[in-house]
Every structure is written in C-alpha cells, then in structure tokens.
A.B. asks: 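Quick one: the structure is below, questions incoming.
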Number of protein chains: 2
Amino acid sequence: MDILVDDLTRRLAQRIRLERDQRGWSLADLAKQADVSKATISKIERAEVSPTAAVLVRLASAFDLTFAGLMLRVEGSNERLARAGKQPIWRDPETGYLRRQVFSSPVHPVELVRVELPPKQSVTLPASSYAHIRQLVWVLSGSLTITEGGARHELASGDCLGFGPPAETTFANETNAACTYVVALARS
Amino acid sequence: MDILVDDLTRRLAQRIRLERDQRGWSLADLAKQADVSKATISKIERAEVSPTAAVLVRLASAFDLTFAGLMLRVEGSNERLARAGKQPIWRDPETGYLRRQVFSSPVHPVELVRVELPPKQSVTLPASSYAHIRQLVWVLSGSLTITEGGARHELASGDCLGFGPPAETTFANETNAACTYVVALARS
DNA sequence: TCCATCTGTCCAATATAATGGAATTTTCCG
DNA sequence: CGGAAAATTCCATTATATTGGACAGATGGA
C-alpha cells in the first residue's frame, strides 16, 4: 500500500467535497464552473481516482484558488489537537523562509500558521490565494513590511494587521534580523 | 486552447527540471527516488503530459517538499493595523490572568487574543461564550489543560487544539510555571 | 579512436483517468 | 406518502497517463 498516495487521495476527496458544500454547489454546478465532468468530480470525491494536474487546476480555479492554495488546504489535518512535533514544517531553500502549519483542518474554519522570514527576504502571494478567507497577521518578533494591493504597512513586534478583500500581497523583511509572525485565517 | 492548463503544464515542466538539476540528479536518479518511471518524468519535463496527483506527490516527496510547497514554487492581503502599544490588556487581580486583545474588528471575522495564565489558576467559560464562533488554542509556552464539555486535553508548548461545538470550557494551568497561549477565533 | 557507460527519448502495451448520457438514489414539497 | 426534481453514481467508450525495455546519442576514460 502506497500510504503517501492513498493519504493524498483521501484528503483531496474530503477537501473538494468540503469546498463544494461550503459554496452550496451541486456536482453539476461545479462541473460547469470547472469545465470538468460530473463523473470525474464524483470519482475524485469518493477517492476513486488520482486526478491529473489539468483537472486540479481547473477545480482550484472554480473555487477561486490557486493550485498551491488548494493544496495548502488539502494538506492540513482532521485531528483537533495538533501536537507541536507533528505540525508540518516547510522551508524554502532559496530564501530560508520557514513555515509551520500550526493548525489546519477541513472541519475547522480557523487556521494558524507560524512563519519565520530571514533578513532581507520577501514572499509574494497572488490575490487568488485569499479568496473566501479572512486573515490576520501578528508579528511576534522583528519587523515586517506588508504590501497588500496598493497599501503598504510597517509592522513592529506585537503589531497585528487585518486583511481586506483579496489582493496580491507581499511580505518583506527589510531588516537585518529574522522576523517571526503568525497568520490566523478564517474560511468563509 | 486551454491557457490555464497549458500554462500550468509548462510551469510544472520547468520547475521539475530545475529542482532535478539543482540536485545534480539524472532522470534515473529521480525516478528511483520518487518511484516514478524515467519515461514519465521525461514527458512531464517536456510538458507532454498532465501528471496525476499520485505522481506529483511522489515527486514532491523526492524533493523533500510537500505537494503544496511544490505548487507554491510552481506558481508565486479597516483599521486594519493594530499596533502592539495600542492593544487592550486586561488583568484579573484575583487570579493574575492576563489577556491581550491582539486584534478585533467589527469588519473582520478573525480575532486574536494572547493569554497568560499564572501557575495553579484556571478560567471557566460557559457554552454561550462559544455560540457562533469557532476557536483554536495554541500554547506558546508552559502547559495547559483544557476541559471542553466532557473531553479533557493536555497541551504542551507548541500544541494546538481546534474546538468543536459550543460547550462549557475550562482552561487550567496545573503546573508551577506560567502558561502563555493564543486564542484564534472566527465568527460565523 | 574505440568502447563502455550514462542519459534521455521512443515504442508498444497496459493501466487508469475522463467523459456523456443513462440509471439510481435522495430530497423536497404538496 | 407519492411524485417530481435534483443530485449522485454507474456504464461503456474514449482519451490519456504510465510503464519496462529498447534505442540513439553523449560522455569519458583507456
């Protein structure tokens, strides 16, 4: 049994179903939005196939998400208690950007992420990553510059910013010390 | 021509090739690491196929990435800013319980609160406090015992618990050191 | 220069994904 | 409770992904 693939297939099934239900869409509704057949979506939601990237990007687009945004939601957990030692960590080798998925669950609307951004580094996320979510960013240490759409914000340690409607957003650490911040978001 | 899919296929091709080259791997090397055939990887890198999720998760794993992490590389946020110095703080004189309202806004559904619970102290909130909200609790330091309805949870530093339906909840610090935790909540 | 090895692409076969429409199940309303 | 409508699943077919091994070209060392 290939646990890596089976786990992914199951999580994808749950997430596609959850996103569809949250929008009050039928299979036919989503099929039309995504230009993918009802039968395919039904098989995906019942974990009967491993869909191609072409199908997934269309589904993500229908949900107003990027492919990466969809997969970030897929890779959360159903458990209510997320132990520190089991929280997924991802590091970008190029920038040193370190991201800890503190809590994410398809059955809970709140999500928490802890990020460490090294000196002089930045990350940019497209507006589509923010569709149907509302987000806060709280700086634990260091300084963070957030450019959201046209608005620029300088956040010092302890400051917290609430985001508005979806817009392309850049997080930049323009100082010589690492910046640590928390992202709290709610899915609508 | 489906631009969304074509663009994704081309970006995937470039990224898989780049990640492989950066590691100095041949097609055979990556095929072995990922348990995917050389021919498949060759076709992916030449944008000749749209790979399945099963294949992509194996490739991501071979590169020591999550699927979402891989896709992030393939692809590229009212007073809305709450300054640390202006965040309301409330201390209970009897228990020493210290609560900082990091972020709260009528026009933003997410709320963040930082709590410091002294040793051997506890707070109990009725179920009605949780109506129409969904909440997470993330322990920054110390240990926290949460009794939610009939369920009891022991949280160590770094652990995070997602709450279920409204129930009377007790937060208790049964240790001899202060406990600091963050509450993230979303209003529905 | 030649040969062995490595690397990437091609090929035919197999496995699986995706589909349109039919069939079945579920839901809702009178 | 029954029937209509909506939603989901099934089916047979087509399209495409994946594969092991063959093949062609590149590379490096004797």
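What you are looking at is a predicted structure, and each value in this text was computed from that prediction instead of being measured. Sequence lines set the chain letters: A, B, ... in the order given, protein chains first and strands last, and positions in each chain run from 1.
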A.B. asks: Just by modelled atom types, is the B:A156 backbone N or O under 3.5 Å from a matching donor or acceptor in the B:D159 side chain?
C.D. replies: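 Checked: pair present.
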
A.B. asks: Using a 4.0 Å cut-off on heavy atoms, which residues in residues 16-27 of chain B reach DNA chain C? List them by number, or say none.
C.D. replies: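 Within residues 16-27 of chain B, the residues near DNA chain C are B:R20, B:S26, B:L27.
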
A.B. asks: Taking the side chain from B:T9 and the backbone from B:V5, do they hold a donor-acceptor pair closer than 3.5 Å?
C.D. replies: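 Looks like yes, one N/O pair under 3.5 Å.
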
A.B. asks: Main chain of B:P118, side chain of B:N173: is a donor-acceptor contact present, judged purely on distance under 3.5 Å?
C.D. replies: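 Here the side-chain-to-backbone pair exists.
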
A.B. asks: With a 4.0 Å heavy-atom cut-off, tell me which residues in residues 34-42 of chain A come close to DNA chain D, sorted by residue number.
C.D. replies: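 Listed by number, they are A:K38, A:A39, A:S42.
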
A.B. asks: Tell me whether the count of non-hydrogen atoms from other residues, nucleotides or ligands lying under 6.0 Å of CZ in A:R58 goes above 12.
C.D. replies: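 Yes, because the 6.0 Å sphere around CZ of A:R58 holds more than 12 heavy atoms from other groups.
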
A.B. asks: Partners of B:E116 by salt bridge (charged side-chain N to carboxylate O under 4.0 Å, His left out), sequence neighbours excluded?
C.D. replies: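 Salt bridge (charged side-chain N to carboxylate O under 4.0 Å, His left out) check on B:E116 returns nothing, list empty.
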
A.B. asks: Quick one, which residues of residues 49-62 of chain B touch DNA chain D with a heavy atom under 4.0 Å?
C.D. replies: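 Result for residues 49-62 of chain B: B:V49, B:S50, B:P51, B:T52, B:V55, sorted by number.
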
A.B. asks: When you measure from the side chain of A:K120 to the backbone of A:E174, do you find a donor-acceptor pair of N or O atoms at a distance under 3.5 Å?
C.D. replies: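 Looks like yes, one N/O pair under 3.5 Å.
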
A.B. asks: What do you reckon, is CG of B:D64 surrounded by more than 12 foreign heavy atoms closer than 6.0 Å?
C.D. replies: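 Atom CG in B:D64 is not packed in, count stays at 12 or less.
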
A.B. asks: Tell me whether the centres of the aromatic rings in B:Y181 and B:F171 are closer together than 6.0 Å.
C.D. replies: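 Yes - the distance between ring centres of B:Y181 and B:F171 falls below the 6.0 Å cut-off.
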
A.B. asks: How bent is the helix from C:dT1-D:dA30 to C:dG30-D:dC1, comparing axes over its five end pairs at each side, to the nearest 10°?
C.D. replies: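 The end-segment axes of the helix from C:dT1-D:dA30 to C:dG30-D:dC1 are tilted 30° relative to each other.
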
A.B. asks: First and last nucleotide of DNA chain C touching chain A, 5' to 3', heavy-atom cut-off 4.0 Å?
C.D. replies: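 Listing 5' to 3', DNA chain C meets chain A from C:dA17 to C:dA22.
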
A.B. asks: Going by heavy atoms in the side chains, are A:R15 and A:M71 under 4.5 Å from each other?
C.D. replies: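 Side-chain contact under 4.5 Å: no.
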
A.B. asks: Under 3.5 Å, side chain of A:S157 to main-chain N/O of A:L140, donor-acceptor pair present?
C.D. replies: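 Present.
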
A.B. asks: Ignoring hydrogens and angles, tell me if any N or O in the side chain of B:R100 forms a donor-acceptor pair with the backbone of B:A84 under 3.5 Å.
C.D. replies: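 Yes: the side chain of B:R100 pairs with the backbone of B:A84.
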
A.B. asks: Is the closest side-chain donor-acceptor distance between B:R20 and B:Q22 under 3.5 Å?
C.D. replies: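 No, no side-chain donor-acceptor pair sits under 3.5 Å.
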
A.B. asks: What is the separation between atom CD1 on B:I44 and atom P on D:dT19, rounded to the nearest whole Å?
C.D. replies: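 Rounding to the nearest Å, CD1 of B:I44 and P of D:dT19 are 9 Å apart.
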
A.B. asks: For the residue pair A:T170 and A:T124, confirm or rule out a side-chain donor-acceptor distance under 3.5 Å.
C.D. replies: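 Judged by distance alone, the side chains do pair up.
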
A.B. asks: Would you check if the side chain of A:R23 reaches a backbone N or O of A:F63 as a donor-acceptor pair within less than 3.5 Å?
C.D. replies: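 Yes.
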
A.B. asks: Using whole Å, report how far CZ of A:R46 lies from C1' of D:dT9.
C.D. replies: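 So the two atoms are 6 Å apart, to the nearest Å.
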
A.B. asks: Would you mind reading off the distance between B:E48 atom CD and D:dA15 atom P, rounded to a whole angstrom?
C.D. replies: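 Whole-Å distance recorded here is 19 Å.
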
A.B. asks: Ignoring hydrogens and geometry, is there a side-chain-to-backbone donor-acceptor pair from A:W138 to A:V183 under 3.5 Å?
C.D. replies: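 Not a single qualifying donor-acceptor pair exists.
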
